[in-house]
Amino acid sequence: MTESLIPIRALLAGARKKQPQLIELTQKLVRAESPSDSKAAVDACLDLAAAHAKSLSGRVKRHRQKHFGDILEIRFGRVAPKGKASRQTLVLGHLDTVWPLGTLKSMPCRIAPDARGKSRLWGPGTLDMKAGVAMAFTAIEMLLETGPLVHGVTLLLNSEEEVGSPVSRPITEALAQQSSAVYVLEPAQGLAYKTTRKGTGNWRLTIQGVAAHAGVDFASGRSAVLELARQIEKISAFTNLEKGTTVNVGVIGGGTKSNVIPAEAWADIDARVARKADGPRLEKRFAALKPTPKSGVTLHLEGGINRPPMERSRSAVRLFRHAQSLAAELGPEFGCDLAEAATGGASDGNFTAALGIPTLDGMGAVGEGAHAAQESILIEHLAPRTALLAAMLANQP
């Protein structure tokens, strides 16, 4: 089979034909609730994906984990001999969600129109990103039906992306280094593919003071809450909007009673950086934090940069231009002119892009409400986006 000869219009026709099965698979995955912190639930959802992969003759390797859900590595097509250049494509997805068990009771998985009359599939994890996983399986199935894959495809389904990918990152990076391109199934940015993402970091600052009675022995106390307020001012000043660096003290706590000088206080901090070089600089600024002179408290800081930024690169733009030209062949049937976007959110694509592997993100479903009660996908975009994903798998630039 010469994959590049598959017309994208033929792939679109195939995707429209398979759309009912694609939706059914998405619903099956969504109804298997899979919060990141429940290994048993995530593994149950992964079992469904593994069974579907095997039905497509995928070669499934299960990376078993102790504290998180397992990780599925699924290979389709040829594997390049050792020592030879590979045109294998790595497709990244995850099956964990931010939603706790039982969310389906208040956010049922259902098909219903939105306020504009557009048909949507609603439910926890539809957009982020179980529909994207179903799209990948459907795209691969369409290609396999035309004959053997000339270039290998590896679909990696991670189990803890929503909590920073602590165990899947080494697997992701190792597979990326065996690949010539990486496609990420995170949802589109509006209608656009993503070539740029910010890097992310997280810190927890804990302050230890000295407790005392606020009325009887005020002078003996050392307020951890007061020091936290001072440190929040310092930390918030790390934000530099011109450089694309933002630091947000998002959650704080401390103290026990209003009549007790608080002995402990803490803050959880989120940071975003646009350039790789800005990460170490920000880490140094956090490490340099010191207690206010004569405050009588101590500081303890944990954390750092978790994901490096996905900086816009020539290789990513080349992938995007290729996708844009394929989408243009469909004209109005694609639903829009494919655009390029940047986002402040991070994904596992940040890891692969930082290794210098051409990475294109946002290749999953179109919808709204990721991590929100209105999470849903627009059904009208499923077939065109699946056809484009299949075309990109069949014909790397």
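Position 1 is the first residue of the sequence, and the numbers go up from there.
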Donor-acceptor pair between [X] and [Y] side chains, under 3.5 angstrom:
{"X": "Lys130", "Y": "Ser34", "result": "yes"}
{"X": "His94", "Y": "Asp348", "result": "no"}
{"X": "Asn240", "Y": "Thr245", "result": "no"}
{"X": "Glu375", "Y": "Trp99", "result": "yes"}
{"X": "Thr97", "Y": "Glu162", "result": "no"}
{"X": "Glu173", "Y": "Gln177", "result": "no"}
{"X": "Gln88", "Y": "Thr154", "result": "yes"}

Applying side chain to side chain donor-acceptor pair (under 3.5 Å), which residue pairs with at least one partner in residues 258-267 are found, sequence neighbours left out?
none
I would like to know whether Leu185 and Val91 meet side-chain contact (heavy atoms from CB on, under 4.5 Å); could you show each step before the answer?
CA-CA 7 Å; Leu185 300 169; Val91 181; 3.6 Å; yes
Aromatic rings Phe76 and Phe137: how do their planes relate, parallel, tilted or perpendicular, breaks at 30° and 60°?
perpendicular
Out of curiosity, does [Y] fall in the hydrophobic cluster containing [X] (side-chain heavy atoms, cut-off under 4.5 Å, transitive links)?
{"X": "Leu22", "Y": "Leu11", "answer": "no"}
{"X": "Leu144", "Y": "Val133", "answer": "yes"}
{"X": "Leu143", "Y": "Val182", "answer": "no"}
{"X": "Tyr183", "Y": "Leu175", "answer": "no"}

Is atom [atom1] of [X] surrounded by more than 12 heavy atoms (other residues, nucleotides or ligands) closer than 6.0 Å?
{"X": "Glu145", "atom1": "CD", "value": "yes"}
{"X": "Asp337", "atom1": "CG", "value": "no"}
{"X": "Lys118", "atom1": "NZ", "value": "no"}
{"X": "Leu301", "atom1": "CG", "value": "yes"}

Non-hydrogen side-chain atoms of [X] and [Y] separated by less than 4.5 Å:
{"X": "Asn350", "Y": "Lys198", "result": "no"}
{"X": "Asp114", "Y": "Leu378", "result": "yes"}
{"X": "Ile71", "Y": "Val167", "result": "yes"}
{"X": "Lys18", "Y": "Glu141", "result": "yes"}
{"X": "Cys109", "Y": "Trp122", "result": "no"}

Show the numbers, then the answer: is there a side chain to side chain donor-acceptor pair (under 3.5 Å) between Thr359 and Thr352?
CA-CA 7 Å; Thr359 301; Thr352 63; 2.9 Å; yes
[X] bridged to [Y] by N-O distance under 4.0 Å:
{"X": "Glu340", "Y": "Lys194", "answer": "no"}
{"X": "Arg230", "Y": "Glu227", "answer": "yes"}
{"X": "Lys276", "Y": "Asp278", "answer": "no"}

Ser347 vs Glu161, test: side chain to side chain donor-acceptor pair (under 3.5 Å). Steps then yes/no.
CA-CA 7 Å; Ser347 79; Glu161 189 273 347; 5.6 Å; no
Start with the C-alpha gap between Ile171 and Leu156, add the side-chain angles, then the distance that decides, and say whether side-chain contact (heavy atoms from CB on, under 4.5 Å) holds.
CA-CA 9 Å; Ile171 300 169; Leu156 184 66; 4.0 Å; yes
Report the C-alpha separation of Gln324 and Arg321 in whole Å, then their side-chain angles, then the decisive distance to 0.1 Å, and conclude whether the side chain to side chain donor-acceptor pair (under 3.5 Å) test is met.
CA-CA 5 Å; Gln324 191 177 46; Arg321 297 296 182 208; 3.3 Å; yes
Show your reasoning for whether side chain to side chain donor-acceptor pair (under 3.5 Å) applies to His63 and Glu73.
CA-CA 8 Å; His63 298 264; Glu73 175 188 335; 2.8 Å; yes
